[in-house]
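Both counts, for ligands and for their atoms, begin at 1 and track the order of listing.
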Amino acid sequence: MSGPAHLISAVEKRLGPKAVITDAADIEPWLTDWRGRFHGAAGAILAPASTQEVAEIVHLAAENRVPLVPQGGNTGMVGGAIPPGDGTAILLSMRRMNRIRSLDADSRVAVVEAGVILQTLHDAAHEAGLRFPLTLGARGSCTVGGLASTNAGGTQVLKFGTMRGLIAGIEAVLPDGSVHDGLSAIKKDNRGYSIDQLLIGAEGTLGVITAVAVRLVPAVASRAVAWVGVDRPQDALSLLRFLEGRTQSVEGFELVADDALRLVLKHIPGTRAPLEGSCRWQVLVEATTTEAGHDISAELEQLLGDALANGLIGDAVIASSEAQAEAFWRIRDSISEAERAEGQTLAHDISVPVDAMPDFLVHASAEVERAFPGAVASGFGHLGDGNIHFHVRAGSRSAADWYEREGPAITRFVDDLVSAAGGSISAEHGIGQMKVGELARLATPARLHALRAIKQALDPLGIMNPGKLVP
Ligand SMILES: Cc1cc2nc3c(=O)[nH]c(=O)nc-3n(C[C@H](O)[C@H](O)[C@H](O)COP(=O)(O)OP(=O)(O)OC[C@H]3O[C@@H](n4cnc5c(N)ncnc54)[C@H](O)[C@@H]3O)c2cc1C
């Protein structure tokens, strides 16, 4: 019997049939990533229901020298949850570990298992009069374990930080099968290296996260969502600085290029342009308040009126209802889908220092279009975090083999521009298998040495998600 087959039968014997899925039709949907760029193979999905069961599986995997690929909702953008194509690894689905173990309104901490879906956590916090502020387009299917393992960002990072800042503690099974329990949520702990912090953003390469203690914040009493037109990305950043100097209410600030808006209007049914005039760039601004009596719409309207009077912005409209606010967000959240409908697109989730992003965006787009005539480069997203999704569409260079033929050269070109600007080739999506080659090419020797040394020290047998993140 091969290693994987031996592991599958050992797990079935120990944990029973519920913990092992071997039907090819049930496995198939989990072998391709959300963007359809990576396809893998696996003889089974192991589906533990408790931390103890995860520990038993990891022990058996180590004994049989069979790699495990942890998977949550499989919404990751870099192929991190997809096993290799040769069938040597087994998928470890965390979706059965979906209990909210506790939610304490006084300490504002919830302890949730790794397989809890983000929307479920939002709903539970809401019922308790609280809020888990991290949110993103995949909230209906991504899991808390996946969010922690990728140190996900999303649209409210400006005010609340990334997942790392919202985690009070982690429980995980390490590659030797031992259980790290960091869930006590103590505020001060200086017992040396933080195991919790090592596991956040480790993309399943250092262990399996089984539960996370997350920080909650007061619920929003009301919000105001505005759509603003500006001439240049630099004006958008000036608007953000203008608003930040006058209020602490802004928590969402998303840049949208006019051509991205046009694609959404063309491909996404039921969408309408929020503004009548045509500005080359647009910004979605969200401001919130936790005070019941505070008129947040009036506050934002006043501030945008002042910005207009100062010549900072070209035009603005504030959503007049919750439905209209949702419609504005739908435009922002549909950009990737609209680009896909338009044709082939190469996505680059990049960051540079916040104040350098406006110039970077303009110059990098021009340089890419000069180097690859016919391709269309543009960016959208979290300008206030210095994080833009810099996408290059095939345009008139479109061809069946465009990704394979030109994709790597275009990505190298973009990544070189990002590196020269002192930025990161992965702002919030991680490295996975998609960016591991570029990380090897561009990371400093110090970073590469530390990544490899940590991996080797914690996972000497290489059984945790091999081929991902660590070059
Ligand atoms: C429409 C859409 C919008 C998105 N928007 C954003 C955005 O704005 N910001 C952002 O940051 N991301 C975004 N993403 C990416 C994605 O949602 C996040 O990366 C998410 O954190 C992945 O969660 P998941 O449960 O699907 O993890 P998966 O995709 O299943 O796994 C992701 C990685 O984590 C590892 N992993 C998963 N669970 C565990 C575990 N319990 N223990 C150890 N390792 C584990 C996997 O091995 C893999 O390496 C978006 C995705 C989609 C589809």
_Just checking Glu404: does its CD atom have more than 12 heavy atoms from other residues, nucleotides or ligands closer to it than 6.0 angstrom?_
yes
*Using modelled atom types only, decide if a donor and an acceptor are shared between the side chain of His389 and the backbone of Phe380 within a distance under 3.5 Å.*
no
*Please confirm whether Trp34 comes within less than 3.5 Å of ligand 1 when only nitrogen or oxygen atoms on both sides are compared.*
no
*Per-atom contacts of ligand 1 with Ala138, taking only distances under 4.0 Å to non-hydrogen atoms*: 2 (C), 3 (C), 17 (O), 51 (C), 52 (C), 53 (C)
*Pick one of side chain, backbone, both or neither for how Asn465 approaches ligand 1, counting any non-hydrogen atom pair under 4.0 Å.*
side chain
*Nearest protein heavy-atom contact for atom 31 (O) of ligand 1: which residue, which atom, what distance?*
Ala81 CB, 3.6 Å
*Are side-chain N/O atoms of Thr150 and His429 paired as donor and acceptor at under 3.5 Å?*
no
*Given Asp333, Asp33, Leu136, which one has a non-hydrogen atom that is nearest to atom 6 (C) of ligand 1?*
Leu136
*Does a donor on one side chain sit under 3.5 Å from an acceptor on the other, for Asp258 and Gln282?*
yes
*Among protein heavy atoms, which lies nearest atom 50 (C) of ligand 1, and at what distance?*
Met77 CE, 3.8 Å
*Proximity winner for atom 28 (P) of ligand 1, if only heavy atoms of Asp349, Asn74, Val54, Ile117 are counted*: Asn74
*Just jot down the ligand 1 atoms closer than 4.0 angstrom to any heavy atom of Gly204, in number order.*
43 (C), 44 (N)
_Is there a polar contact, in the sense of an N or O pair closer than 3.5 Å, between Ile209 and ligand 1?_
yes
_Polar contact flag, side-chain donor to acceptor under 3.5 angstrom, Ser93-Gln71_ = no
*In the protein, what heavy atom is nearest to atom 22 (C) of ligand 1, and what distance, to one decimal place, separates them?*
Thr75 OG1, 3.4 Å
*Top protein contact for atom 46 (C) of ligand 1, by heavy-atom distance*: Pro70 O, 3.1 Å
*asked:* Starting from atom 44 (N) of ligand 1, what is the nearest protein heavy atom, named by residue and atom, and what distance separates them?
replied: Ser149 OG, 3.0 Å
*Does any donor atom in the side chain of Arg164 or Gln197 lie under 3.5 Å from an acceptor atom in the other side chain?*
yes
_Least distance between heavy atoms, Glu203 atom then Leu469 atom_ = OE2-CD1, 3.9 Å
*So which protein heavy atom does atom 29 (O) of ligand 1 come closest to, and at what separation?*
Gly76 N, 2.8 Å
*asked:* Using a 4.0 Å cut-off to any heavy atom of Ala152, which atoms of ligand 1 qualify?
replied: 11 (O), 21 (O)
_Test item, His429 contacting ligand 1 (heavy atom, 4.0 angstrom)_ = yes
*Gly73-ligand 1 polar pair, N/O distance under 3.5 Å*: yes
*asked:* Taking Ala47's backbone N and O only, do any of them form a donor-acceptor pair with Arg96's side chain (distance below 3.5 Å, no angle check)?
replied: yes
*Short list, please: which atoms of ligand 1 are under 4.0 Å from a heavy atom of Ala114?*
41 (N)
*Are any of the N/O atoms in Met94 less than 3.5 Å from those in ligand 1?*
no
*Salt bridge check: are Arg191 and Asp189 linked by an N-O gap of less than 4.0 Å?*
yes
*Is there a donor in the side chain of His382 and an acceptor in the side chain of Glu428, or the other way round, less than 3.5 Å apart?*
yes
*Heavy-atom contacts with Gln71 under 4.0 Å: which atoms of ligand 1 show up? List them by number with element.*
30 (O)
*Keeping the roles fixed (side chain from Asp104, backbone from Val109), state whether a donor-acceptor pair exists under 3.5 Å.*
no
_Using a 3.5 Å cut-off on N or O atoms only, is Glu428 in polar contact with ligand 1?_
yes
*Counting heavy atoms only, name the option from Gly80, Gly146, Ala427, Ser426 that's nearest to atom 38 (N) of ligand 1.*
Gly146
*Which of the numbered atoms in ligand 1 are below 4.0 angstrom from a heavy atom of Gly207?*
43 (C)
*Which pair of non-hydrogen atoms, one from Leu183 and one from Gly169, has the smallest distance, and what is that distance?*
CD2-O, 3.8 Å
*Say whether Gly72, considering both its backbone and side-chain N or O atoms, lies within less than 3.5 Å of an N or O atom on ligand 1.*
yes
*Contact between Gly153 and ligand 1, counting heavy atoms under 4.0 Å?*
yes
*For Val208 and ligand 1, does the shortest N/O to N/O distance drop below 3.5 Å?*
no
_Please state which option from Ile431, Thr150, Leu68 has its nearest heavy atom closest to atom 33 (C) of ligand 1._
Thr150
_Could you check whether Asp33 and His39, counting side-chain N and O atoms only, form a donor-acceptor pair closer than 3.5 Å?_
no
*N/O to N/O below 3.5 Å, does that happen between Glu203 and ligand 1?*
yes
_So for atom CZ, which belongs to Arg447, do other residues, nucleotides or ligands contribute more than 12 heavy atoms lying within a distance under 6.0 Å?_
no
*Taking atom types as modelled and ignoring hydrogens, do the side chains of Asn151 and Thr162 form a donor-acceptor contact shorter than 3.5 angstrom?*
yes
*For the residue pair Glu171 and Thr210, confirm or rule out a side-chain donor-acceptor distance under 3.5 Å.*
yes
